[in-house]
Enquirer: 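Here it is: the structure, laid out below.
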2 protein chains.
Amino acid sequence: MRSDGLAALSMRDLGARVGMKAQSLYSYFPSKHAIHDAMFRQGYEEFLAAIDTVDVAVDVADARAEAVRTAEIFFDFCTADSARYQLLFQRSIPGFAPSPEAYAVAVAAYERTVGRLRRYGIERQDHLDLWTATMTGLVSQQLANDPGGRRWRDLLEPAVVMLLDHTRKDPT
Amino acid sequence: MRSDGLAALSMRDLGARVGMKAQSLYSYFPSKHAIHDAMFRQGYEEFLAAIDTVDVAVDVADARAEAVRTAEIFFDFCTADSARYQLLFQRSIPGFAPSPEAYAVAVAAYERTVGRLRRYGIERQDHLDLWTATMTGLVSQQLANDPGGRRWRDLLEPAVVMLLDHTRKDPT
DNA sequence: GTCTATATTCTGATAGAC
DNA sequence: GTCTATCAGAATATAGAC
């Protein structure tokens, strides 16, 4: 999927990759949808693990540096695997809807992110929405126009500073 | 395509929509790829037309209001047709590459956009990149999480103000 | 210019032998 | 748990009648 996109992988291709016939995969998953669902869940579990690698700064004055680090973790997580990014954040498999089980992991990941942004003073819904829009925008521009490069990745720090300035300037 | 996504439309479906058998379409286009290419080109022509609906403010002091209007035009153009948005700005048809002819229209559209942003003081490449990333981020969040709604659309004005502030504060 | 008929290849999925 | 054999239907595309 990483090379050819989300929808490009057939059961036959997948079977060949893991050294099996396609039919044998049905001993592990009842349908292709179930495989997508497992990938969705696993992706969000990986996301939770990635978020937790941010060293939490004890000093509040370091909030800005920590915010940049949080943004970098998110950006690198997304650009490291564009198929995973599409699956988790762009809902781009036609007809795919995660199971309640898998969706619960996604909700947990969102709440973990919100909790982290709150530490940087980003609490209001509109500020959260502007943060996520900016971050996903940087990621998708990077993936679409400079895959493997750093053109938008280098804009992360100015973007975070800009967002924090905006949040501070625009209180409740 | 608007209802089911870019990759979902087959030649059979398309033929049925226009009251033909799929095979008859080959009298008009030599392949499905050629149809995608025509749509790509037409989409960028529509984009050029949309950009030109922005009333150009004579007074430079109105740059901010005009910038907001430019952003709104872009946002509304994208969210009005998510399939077109994917085709033009997310290159999401696997294996599709526009012909040189169609690509030239896309380049013209990009240059028109850059020319407009220059009027608002956005000239440096990094400032342009941050603008486009923020705008496409707002659009894709709107499409993915609140289709048909206004949750991210209402963030356009604060986002433009934030971007212009950042640009002014960060000169060459 | 549109049709029928068809070629070819691919898809997800099932049945049943071993 | 993996295989062969197979199904039923989808896909893009071509040939040729009218």
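The structure presented is a predicted model; accordingly, all values stated were derived computationally and were not measured. Atoms considered below: every heavy atom in the structure, side chains included; atoms not considered: hydrogens, waters and symmetry mates. Within every chain, numbering begins at 1; the chains are lettered A, B, ... in the order of the sequence lines, protein sequences first and strands thereafter.
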Enquirer: Of A:Gln23 and A:Ala8, whose nearest nucleotide on DNA chain C comes first from the 5' end?
Expert: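 Counting from the 5' end, the first nearest nucleotide belongs to A:Ala8.
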Enquirer: Does the pair B:Arg124/B:Asp170 count as a salt bridge with the N-to-O cut at 4.0 Å?
Expert: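 Judged by the 4.0 Å cut-off on N to carboxylate O distance, B:Arg124 and B:Asp170 do form a salt bridge.
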Enquirer: Once you round it to whole Å, what is the distance between C1' of C:dT11 and NE2 of A:His36?
Expert: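 My rounded result for the distance is 13 Å.
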Enquirer: So if I take every side-chain heavy atom of B:Ser10 and compare against D:dT12, C:dT11, C:dA15, which nucleotide ends up nearest?
Expert: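 Of the options given, the side chain of B:Ser10 lies nearest D:dT12.
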Enquirer: Calculate the interatomic distance between B:Tyr28 atom OH and C:dT2 atom C1'; express it in whole Å.
Expert: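 That distance rounds to 8 Å.
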Enquirer: Between D:dA11 atom P and B:His33 atom NE2, what is the distance in whole Å?
Expert: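 Result: 19 Å.
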Enquirer: Calculate the interatomic distance between B:Asp13 atom CG and D:dA11 atom C1'; express it in whole Å.
Expert: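 So the CG-C1' distance, B:Asp13 to D:dA11, works out to 11 Å.
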Enquirer: What nucleotide, of D:dT4, C:dG12, C:dT4, holds the atom closest to the side chain of A:Tyr26?
Expert: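 Of the options given, the side chain of A:Tyr26 lies nearest C:dG12.
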Enquirer: In whole Å, what is the span from the CG atom of A:Leu25 to the C1' atom of D:dG1?
Expert: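 The answer, rounded to whole Å, is 12 Å.
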Enquirer: Roughly, in whole Å, what's the span from NZ in B:Lys21 to P in C:dT2?
Expert: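 Interatomic distance, NZ of B:Lys21 to P of C:dT2: 13 Å.
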Enquirer: Does A:Ser24 make a side-chain N or O approach to OP1 or OP2 of D:dG1 shorter than 4.0 Å?
Expert: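 Negative; the distance criterion is not met.
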Enquirer: Hey, does the side chain of A:Lys32 come within less than 4.0 Å of C:dG12's phosphate (OP1/OP2), counting only N and O?
Expert: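 Result: yes.
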Enquirer: Quick test of your reading of the model: are A:Asp165 and B:Lys169 salt-bridged, counting only N-O distances below 4.0 Å?
Expert: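 B:Lys169 and A:Asp165: salt-bridged.
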Enquirer: Taking CD1 from A:Ile35 and C1' from C:dT11, how many angstroms apart are they, rounded to a whole number?
Expert: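 So the two atoms are 14 Å apart, to the nearest Å.
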Enquirer: Quick one: sort the B:Phe96 and B:His33 rings into parallel, tilted or perpendicular, breaks at 30° and 60°.
Expert: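 Because their plane-to-plane angle lies in the 30° to 60° range, the rings of B:Phe96 and B:His33 count as tilted.
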Enquirer: Report the distance from atom CG of A:Leu14 to atom P of C:dC10, rounded to the nearest whole Å.
Expert: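 Nearest whole value for this atom pair: 17 Å.
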Enquirer: When rounded to the nearest 0.5 angstrom, what distance separates CZ in A:Phe74 from CH2 in A:Trp131?
Expert: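 Separation between the atoms: 10.0 Å.
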Enquirer: Given the structure, check if the side chain of B:Arg12 and the base of D:dA11 hold any donor-acceptor pair shorter than 3.5 Å.
Expert: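 Indeed there is one.
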Enquirer: Parallel, tilted or perpendicular for B:Tyr85 and B:Phe89, by the 30°/60° rule?
Expert: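 It falls in the tilted class, 30° to 60°.
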Enquirer: Both B:Leu9 and A:Ala22 contact DNA chain D. Which one's nearest nucleotide lies toward the 5' end?
Expert: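 Comparing both residues, the 5'-ward one is A:Ala22.
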